[in-house]
Amino acid sequence: MFDTRGERVAAVYRELARHAALVAAAPQLPVPRRKQAGPSIVYSLRLDRDEVAALEAQARLSRIKPTVWAWNLIREDGDTTR
């Protein structure tokens with residue numbers, strides 16, 4: 001268990017770095033075009049049981065909802081301003 005907020009934040013950045021390395025090593029796939037009817041798009045995905053368990057465990061450690069954890073991971077990974 002994490003003792004400080006700083007350690008929790010560091011864990012998130014380590015996971016993001018690990019994910020970025022995996023993405024960089026993966027072949028690039030074409031991105032499908034989507035119609036946008038409003039300011040946001042609903043995007044569903046399927047996770048296996050282990051992925052859901054990992055997502056829920058990390059969210060519990062961070063004391064946030066799993067959907068918020070997943071959304072933050074997606075948002076942080078797409079942040080090109082850093």
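None of these values were measured; they are calculated from a predicted model. Values below: all heavy atoms of this structure, side chains included; hydrogens, waters and symmetry mates excluded.
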Problem - side chain to side chain contact (heavy atoms under 4.5 Å, CB included) assessment of E51 paired with L55 - result: CA-CA 6 Å; E51 291 167 329; L55 181 75; over 6 Å; no
Problem - Side chain proximity check, E15 to Q58, heavy atoms < 4.5 angstrom - result: no
Problem - Shared hydrophobic cluster for L61 and W71 (ILVMFWY, side-chain gaps under 4.5 Å) - result: no
Problem - Beyond-backbone contact of N72 with I64, side-chain heavy atoms, under 4.5 angstrom - result: yes
Practice task
Identify whether L47 and L73 are in the same connected component of the hydrophobic contact network (ILVMFWY, side-chain heavy atoms under 4.5 Å).
Solution key: yes
Problem - Closest heavy-atom pair and its distance - P66, E56 - result: CG-CG, 3.8 Å
Completion exercise
Between W69 and V12, the two heavy atoms sitting closest are CH2-CG2, 3.2 Å
